[in-house]
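Each residue takes its place number in the sequence, starting with 1.
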Amino acid sequence: MKEKIKPVMALLSQQFYERNERNTEILSKQNRPYLVLLVEYRGLKFAIPFRSNIQHSHAYKFQGTESQRKSSGLDFSKSVLVMNDDEIGAPAHLIPAERKELLKRFRFIVEKFHTYIDDFIEGLDKEPLQPKYKMSSLTYYRDILLKSEKKD
């Protein structure tokens with residue numbers, strides 16, 4: 001029987017923003033840290049931000065009609081790497097309808113994210129960088145991502 005993995009949601013800490021201040025694609029608003037879903041893959045810890053208005057396909061958009069926001073979900077293109085535990089802030093919570101859907105579809109979401117990361121890394125190896133990846137916050141971590149290994 002497979003172990004049931006539960007989603008971990010948190011805010012990113014001030015230390016994270018200070019250490020990554022040169023990454024101009026990171027989502028941040030003054031005095032409003034973003035809620036993220038933490039996912040480990042390829043030996044790295046990713047923080048995938050929740051967004052209320054996603055206008056592209058590099059994401060998981062909540063499907064449920066109970067969601068209060070249209071086009072809300074997890075924006076894979078604005079994911080970041082968390083390098084130290086002190087970069088993870090306080091635990092956070094979603095609105096109930098979105099939390100219910102996240103719990104129900106968590107494994108599917110993670111698999112979709114893994115596919116995005118694998119495709120993104122493959123795209124990093126090509127010149128010029130494909131337009132669909134240019135605005136991604138993950139380009140900042142190019143060298144680290146290219147060294148990471150896919151594990152089965």
List the steps, then state whether side-chain hydrogen bond (donor to acceptor under 3.5 Å, both in side chains) holds for Y17 with N23.
CA-CA 9 Å; Y17 290 106; N23 187 344; over 6 Å; no
Assess whether side chain to side chain contact (heavy atoms under 4.5 Å, CB included) is satisfied between L124 and L146, documenting all intermediate values.
CA-CA 8 Å; L124 281 176; L146 286 172; 4.0 Å; yes
I'd like to know whether H56 forms a side chain to side chain contact (heavy atoms under 4.5 Å, CB included) with I54, so could you lay out the CA-CA distance, the side-chain angles of the two residues, the decisive distance to 0.1 Å, and finally the verdict.
CA-CA 6 Å; H56 57 78; I54 302 170; 3.8 Å; yes
Begin with the C-alpha distance, continue with both residues' side-chain angles, and end with the deciding distance and a verdict on side chain to side chain contact (heavy atoms under 4.5 Å, CB included) for F16 and D86.
CA-CA 8 Å; F16 171 84; D86 68 348; over 6 Å; no
Go through the steps for F50 and L74 under the test side chain to side chain contact (heavy atoms under 4.5 Å, CB included), then give the verdict.
CA-CA 5 Å; F50 287 88; L74 290 153; 3.6 Å; yes
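Distance OG/S77 to NZ/K134: 15.0 Å, rounded to 0.5 Å. Remark: D75 CG to Q55 CD distance equals 10.5 Å, nearest 0.5 Å. Distance check, rounded to the nearest 0.5 Å: OG of S148 to CG of L44 gives 5.0 Å. Here the straight-line distance linking atom CG of L12 with atom CG of N20 works out to 8.5 Å at 0.5 Å rounding. Between M9 atom CE and E98 atom CD the span is 10.5 Å, to the nearest 0.5 Å. For the atom pair NZ (K45) and CG (N84), the distance works out to 10.0 Å, reported to the nearest 0.5 Å.
In this structure, H58 and Y133 have tilted ring planes: the angle between them lies in the 30° to 60° band.
Without hydrogens or angle criteria, K112 side chain to A59 main chain gives a donor-acceptor distance under 3.5 Å. Remark: side-chain polar atoms of K78 are not paired, donor with acceptor, to backbone N or O of L138 under 3.5 angstrom. When atom types are taken as modelled, the side chain of Q63 and the backbone of K61 share a donor-acceptor pair closer than 3.5 angstrom. Of the possible donor and acceptor atoms, none in the side chain of Q130 sits under 3.5 Å from a partner among the backbone N and O of G123. Looking at S72, its side chain never comes within 3.5 Å of a backbone N or O of N53 through a donor-acceptor pair. Checking side-chain atoms of E87 against main-chain N and O of M83 turns up a donor-acceptor pair under 3.5 Å.
Summarising the geometry of F106 relative to K6, their closest heavy-atom pair is CE2-C, 4.2 Å, with the distance given to 0.1 Å. Residues L35 and H93 come closest through the heavy atom pair CD2-O, 3.9 Å. A pairwise comparison of heavy atoms in G89 and A10 identifies O-CB, 4.2 Å as the closest pair.
The number of heavy-atom neighbours closer than 6.0 Å to CZ of R142, taken from other residues, nucleotides and ligands shown, is above 12.
Two residues are said to be in side-chain contact when any heavy atoms from C-beta on lie closer than 4.5 Å; I95 and R99 fail this criterion. You'll find the side chain of F62 stays beyond 4.5 Å of the side chain of R105, heavy atoms only.
Aromatic ring centres of F46 and F113 lie closer together than 6.0 Å.
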Show me the side-chain donor-acceptor pairs of residues 114-121 shorter than 3.5 Å, one per line, residues at least two apart or across chains.
{"residue": "T115", "atom": "OG1", "partner": "E111", "partner atom": "O", "Å": "3.2"}
{"residue": "D118", "atom": "OD1", "partner": "Y41", "partner atom": "OH", "Å": "2.8"}
{"residue": "D118", "atom": "OD1", "partner": "R42", "partner atom": "NE", "Å": "3.0"}
{"residue": "D118", "atom": "OD1", "partner": "R42", "partner atom": "NH2", "Å": "3.0"}
{"residue": "D118", "atom": "OD2", "partner": "Y41", "partner atom": "OH", "Å": "2.8"}
{"residue": "D118", "atom": "OD2", "partner": "K150", "partner atom": "NZ", "Å": "3.4"}

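Under the side chain to side chain contact (heavy atoms under 4.5 Å, CB included) test applied with P7, the options L102, L38, V110, V39 reduce to a single match, L102.
V80 and M135 are members of different hydrophobic clusters when ILVMFWY side chains are connected at heavy-atom separations under 4.5 Å.
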